[in-house]
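Worksheet for the structure shown next.
Hydrogens, waters and symmetry mates play no part in the numbers below; they use all other heavy atoms, side chains included.
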Amino acid sequence: MNGKARGSQNMPEFKEVRRASLLPDRIAADILSKINDGELAPGDSLPTEHSLADTFGVSRNVVREAIARLRADGVIESRQGRGAVVKPLSERETFRVDINALDKSGNFADLFELRGLLEIEAAGLAAVRRSEIDLAEMRAALAQMEGHRDFDEKRLEADAAFHRALGNATGNSYLSVIVGYISSRLKETTRATAQLYSEQNLVSVTIEEHREVLSAVQAGDADKARAAMAAHIRGASERLHVPMKDPEDG
């Protein structure tokens, strides 16, 4: 514990994130810096989502996404009764999507191929396994998207929340984490195409694609859910000008 008493009065001080930078990446980076600096040691629990949301001045969904990224990066883990706990450096697995590396040849296409492999099957599983709570979360995220037809940060967050809810509905904790993580990373690339989406009214198109996925999952139709997700991913790749790989290619 680096000789420090670990009580609530000694928790590291996080700085509020200003409105212009309400990004889960910024929050995750701030938490990670506290871990790297030793203010949060291996075995320490992070403050609660509610506490972090108040401190950073953001919604709990934003904090939840930031924590999901740290979990996907192998920095923290969830423990019964303790919440998110810092893992020892020796136990940290690493799977990271470096946004800055996506402009390299083939990387973006590889990411979309991975997304297709995971999310299409996830949609099918969600249709079979989803609970009423899962459906409620998906509906709430879609309602947020419909309420923010302008291409803004809130609409992007709602989009990511929809995919997280779909991942949760699979009932597979590993699949849930990776689906949420990939969706959050792709959000960064989608943000860069804001002008394109606004000019061509593509926001309405993406909302309709999500609506089709929800409809199939709600109906419990696994085949239709897979088809709807495949259509959404194909549409997203076309909007971002990402060449989709032929699954028959060796």
task = Check the pair Val213, Phe162 against side-chain contact (heavy atoms from CB on, under 4.5 Å), reporting the backbone distance first and the verdict last.
result = CA-CA 10 Å; Val213 173; Phe162 181 94; 4.2 Å; yes
task = Apply side-chain contact (heavy atoms from CB on, under 4.5 Å) to Ile207 and Leu142, showing your working.
result = CA-CA 7 Å; Ile207 288 174; Leu142 181 59; 4.2 Å; yes
request  = For the pair Arg115 and Glu113, evaluate salt bridge (charged side-chain N to carboxylate O under 4.0 Å, His left out) and give the outcome as yes or no after the intermediate values.
outcome  = CA-CA 5 Å; Arg115 185 186 184 192; Glu113 183 175 45; over 6 Å; no
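Leu52 is not listed as a side-chain neighbour of Ile27, based on a closest heavy-atom distance of 4.5 Å or more. Side-chain contact between Thr206 and Arg239 is present, with heavy atoms from C-beta onward closer than 4.5 Å. When side chains are defined from C-beta on, Glu146 counts as touching Arg211, because their heavy atoms get closer than 4.5 Å.
Here Arg139 pairs with Gln218 under the side chain to side chain donor-acceptor pair (under 3.5 Å) rule; sequence neighbours left out. For Ser237, the side chain to side chain contact (heavy atoms under 4.5 Å, CB included) partners at least two apart in sequence or on another chain are Phe112, Val242, Met244. Legend: residues meeting side chain to side chain donor-acceptor pair (under 3.5 Å) with Asn61, ordered by chain and number and at least two apart, are Arg64. Every salt bridge (Lys or Arg N to Asp or Glu O under 4.0 Å) that Arg60 has, sequence neighbours left out, goes to Glu49. For Asp223, the salt bridge (Lys or Arg N to Asp or Glu O under 4.0 Å) test picks out Arg226, with sequence neighbours left out. Residues meeting the side chain to side chain contact (heavy atoms under 4.5 Å, CB included) test with Ser215, sequence neighbours left out: none. Considering only residues two or more places apart in sequence or on other chains, Ala84 meets the side chain to side chain contact (heavy atoms under 4.5 Å, CB included) condition with Leu46, Ile67, Ile76. Partners of Arg130 according to the salt bridge (Lys or Arg N to Asp or Glu O under 4.0 Å) rule, which considers only residues two or more places apart in sequence or in another chain, do not exist here. In terms of the side chain to side chain donor-acceptor pair (under 3.5 Å) criterion, residue partners of Arg164 (sequence neighbours excluded) are, by chain and number, Glu65. Glu238 is linked by a side chain to side chain donor-acceptor pair (under 3.5 Å) to nothing, counting only residues two or more places apart in sequence or in another chain. Under the salt bridge (Lys or Arg N to Asp or Glu O under 4.0 Å) criterion, Glu137 pairs with no residue, sequence neighbours left out.
Taken to the nearest 0.5 Å, the OG atom of Ser51 stands 9.5 Å off from the CZ atom of Phe56. The CG atom of Leu175 lies 4.5 Å from the OG1 atom of Thr170; values are rounded to the nearest 0.5 Å. Taking CD of Glu119 as the start and CD of Glu121 as the end, the distance is 12.0 Å to the nearest 0.5 Å. A distance of 12.0 Å separates CD of Glu39 from CD1 of Ile31, quoted to the nearest 0.5 Å. Here the CG-OG distance, from Leu40 to Ser45, works out to 9.5 Å after rounding to the nearest 0.5 Å.
Linking Ile, Leu, Val, Met, Phe, Trp and Tyr residues whenever their side-chain heavy atoms come within less than 4.5 Å leaves Val177 and Met138 in two separate clusters. Tracing side-chain contacts under 4.5 Å through hydrophobic residues (I, L, V, M, F, W, Y), one reaches Val58 starting from Leu32; they form part of the same cluster. A continuous path of hydrophobic side-chain contacts links Leu135 to Leu125 [ILVMFWY only; heavy atoms under 4.5 Å]. Residue Ile178 is grouped with residue Leu114 when hydrophobic side chains (ILVMFWY) are merged at heavy-atom distances under 4.5 angstrom, including chains of intermediate members.
For Val217 against Ala225, the heavy-atom pair with the smallest separation is CG2-CB, 4.1 Å. When every heavy atom of Arg82 is checked against every heavy atom of Gly43, the shortest pair comes out as NH2-O, 2.5 Å. The two atoms that bring Ala66 and Pro24 nearest to each other are CB-O, 3.4 Å, heavy atoms only. A pairwise comparison of heavy atoms in Leu166 and Ala126 identifies CD1-CB, 3.7 Å as the closest pair. The two residues Val179 and Ala122 come nearest to each other via the heavy atoms CG2-CB, 4.4 Å. Nearest heavy-atom pair across Pro88 and Pro42 is CA-CB, 3.9 Å.
Under the 4.0 Å criterion applied to side-chain N and carboxylate O atoms, Lys224 and Glu212 are not assigned as salt-bridge partners. Between Lys34 and Asp30 there is a salt bridge, since at least one side-chain N of the basic residue sits less than 4.0 Å from a carboxylate O of the acidic one. Salt bridge Arg155/Glu157: absent, no basic N to carboxylate O contact under 4.0 Å.
Ile133 CD1: 12 or fewer foreign heavy atoms inside a 6.0 Å radius.
Checked by atom type, the side-chain pair Asp134/Ser131 shows a donor-acceptor distance below 3.5 Å. A donor atom on one side chain and an acceptor atom on the other are found under 3.5 Å apart for Ser78 and Arg71.
The stretch residues 29-52 participates, sequence neighbours left out, in no ring-ring contact (aromatic ring centres under 6.0 Å, His included) pair at all.
Aromatic ring orientation, His163 versus His210: perpendicular (interplanar angle above 60°, classes split at 30° and 60°).
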